[in-house]
Structure formats: structure tokens, C-alpha cells
Asker: 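My structure is below; once you've seen it, I'll send some questions.
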Amino acid sequence: MSVNNHINANIRYVGVDDTDIALFENQYPVPRGMSYNSYIVRGEKIALLDTVDRSFGPEWLAKVKAELAGAQPDFLIVHHMEPDHSSNIAMAMAEFPAMQLVASQKAIAMLPQFFENADFSGRTLAVKEGDILDLAGRQLKFFAAPMVHWPEVIVSYDIEDKVLFSADAFGKFGALCYDDDWTAEARRYYINIVGKYGAQVQNALKKLSGIEISTIAPLHGPVLTGDLGRYIGLYDTWSSYRPEAKGVLVAYASVYGGTRECALEFADMLRSQGVDTVVTFDLCRQDQSEAVAQAFRLSALVLASVTYDASLFPPMAEFLHHLKMKNYRNRTVGFIENGSWAPIAAKLMKEAVAALPDIETIEPVVTIKSRMHSADKEAMKTLASALASKI
Ligand code: FEO
């Protein structure tokens, strides 16, 4: 499928849509696929910006050749070495023998790791912060963006048209042929892919705040124009670990439905207490990457889990593991536990949450035995009230 993501007559989109992929990074569900973006930037010299995933090499090359119309690219700029963007480097370097590879020194050092038998000697140009590549009539300036999302990442800025080629930053899940809402899938992408590196994203945002940007061209998702402040503002919120909205995520893990019943009734109690935004999430059946994204979106979290093998039920343990990996912090958290003879889930959830910075835990812990009983509702109401007062 051909998607028009072109920027102007001299900056052309040659990326591809992957509508067959089920799991991005072999772990995150992408029911609406993924785009791997690549661009051609023309001055008198021509730069090809990044390649695409391995499966799409021939399709990408055909698009590149059609756009070049017989011209030869002078440079291949590699912003990021992760294979969804770099798999076709060796093929492209063989196809265009006069082309020089431009990347950070760290990226160049990684080339032999991914391309054991390829010989790029004499054909690489290492660039660093502030370097400018002159395309004759157009200049690209480079900025280092380490850990957004790997250490070797650079972004580039077209000085003439004020286009920021932002690598993974400002990308989203979803193929371009699906015209879906940017925020939800950009949030799920950012939190799960780059969320651990908020400090580094903050550094990059500060560095780039001094330049005038009219267009953001990421490596996934649509080219962004118009009110860029909205996108940059969301990135500032996400990377500084501030909630986007006041509200509560009630995330539950239930074996036979007792914990679920209690969690859903608790969510209703929160609504009765005037909390406008309450999201419930079944950690056993719904996409955990979306649960993590919702936890980051909202200001408070209630963890509801059954006890299992004298431990946490694995879906809850997995959720807590992901929260820790992504540096979840700066939120309010409450607990509901279930157990038929020796409930221990709350103790374990509390221990996991205690390892996270800047978390305020809310009492009381609600403990139910097997099923929710009317006698449990007083503690549930007290927790709901205490939490509502914090929202
Ligand atoms: Fe889209 Fe970090 O690669």
C-alpha cells in the first residue's frame, strides 16, 4: 500500500506499512500494524534517511528507486541502528556503491554486529552533535539523542525547511493506512518503548527547544505538522513522569472472578465519590502494554490481585515488573487483595511498589476472602473515599 507522507517536493516519504505484524518488538500487540518510515532529502546532493524492517527491503528499494528516478543517493543517514530501521543497510550500500553511510560513531561501531560480512570501510562518515551535512542547497544539522531509544541515536534537522527527523521520538504504533487517533497509540508506544529513558528524553527536548520546528518526521507513524506544541507538550509530560489526567486506573488480576467483582464494584464506588475518570483493566485478558500506558496517563492506581501459590498471581507480577522497568513513579497507589486461606498479595504488591520512587500509598488495604462480602464494603468505601480525596 502506498501512503502519502511526503513533506514537500524535495523531502519525500519512501517508508512502508506493515499490516501483517502481530507483535512489535515481538511483544507489543499492534492490531493496526506499524509503519517503518524512510525519507529522501534532495539538495543538489541526495540523502536517503534510514531503511526499513527486513521483510520490506524489496518494497522499500522499489519506492526509493521510483522516487530517485535514475538519480543516485550520495548519503544514507542512519539515525538509529535498531533493526526495524537498519536491516537493509547492507543491501542499500551494495545497491548504491557510491553512497556514503552517515551515522554517529556508536552506530558505526555497531555495524559489524548486525552485518558480519559487509565491508563498509572507507564509506562511513561519523557525525556528532552540531555537525552539518551539506547537500548543496540544503543542510542537515545533527543532534545526539542518546537513549531515545538506544545509545547511538541521532536526530537531524533540515535547516531550510525546519524539519526535524526525530528517529523513534514522536512515533506511534499503527500503520499509516489506518487514520487513527495519534495520542493513544503514541502514548502506548512511548511509554512501553522509550518510557524508561525519561531523563534522556527531557535532555533531548531541552536541546531542541532552541530551534524552530515546522514539521516532525519520525521513524514510525505520520509526519506531524500544525500545532506541534500539543505533541511536544505530551512528550514533556510523559518524559517527566507527570500524569496526563486526574483519575484512577483499577488494574485487577482474578482467577475465578472474586477479585474482579470486588475491583469493578470498587471502581463504581470511586465514581460515586465523584472521581470522573476511572478506568478498569483486566490484566489477565487485556493488553498489558495498554495497562502500563493507562497507569502513566492517570494520577492514581489501584492494584487488585488474588494470592496464588503463596505469591502474586503472575499477570499482576508481570504488570508490576513492567511498571518498574518503565520507571513508573510520582503517583498514588491503593491495594485490594484476595486469598482463600492465607492472603499475601497486598504485602507483595506493597513491597513491589515500595521500590518505585515518589509513590504515595493509600490505606486501608482491602482484604477479601474468596469473594466480596457485604462486610468488606466498609473498607472498600473508606479506601475509595481516601483515594477520591487525593484526586
Ligand atoms: Fe523504531 Fe527503537 O526502533
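Order of listing sets the numbers, starting from 1, for every ligand and every atom in it.
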Asker: Of all residues at least two apart in sequence or in a different chain, which pass the side-chain contact (heavy atoms from CB on, under 4.5 Å) check with P314?
Answerer: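 Y308.
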Asker: Among pairs that include at least one residue of residues 149-172, which meet salt bridge (charged side-chain N to carboxylate O under 4.0 Å, His left out), considering only residues two or more places apart or in two chains?
Answerer: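 Checked against salt bridge (charged side-chain N to carboxylate O under 4.0 Å, His left out) - neighbours excluded - the pairs reaching residues 149-172 are R138-D158, R138-D161, K172-D180.
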Asker: Run the side-chain donor-acceptor check on residues 190-197: report pairs under 3.5 Å with partners two or more places apart or on a different chain.
Answerer:
{"unit_1": "N192", "atom_1": "ND2", "unit_2": "R188", "atom_2": "O", "d": "2.8"}
{"unit_1": "N192", "atom_1": "ND2", "unit_2": "S289", "atom_2": "O", "d": "3.0"}

Asker: Have T19 and D17 got a donor and an acceptor in their side chains that come within less than 3.5 Å?
Answerer: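 There is no such pair between these side chains.
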Asker: Ignoring hydrogens and angles, state whether a donor on the side chain of H85 or D50 is under 3.5 Å from an acceptor on the partner side chain.
Answerer: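 Their side chains do not contain a donor-acceptor pair, so the 3.5 Å distance test is not met.
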Asker: Taking atom 1 (Fe) of ligand 1 as the centre, how many protein N/O/S atoms fall inside a distance shorter than 2.8 Å?
Answerer: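 The number of such protein atoms is 4.
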Asker: Would you check, one step at a time, whether the test side-chain hydrogen bond (donor to acceptor under 3.5 Å, both in side chains) holds for Q288 with H322?
Answerer: CA-CA 9 Å; Q288 289 234 0; H322 282 292; 5.0 Å; no
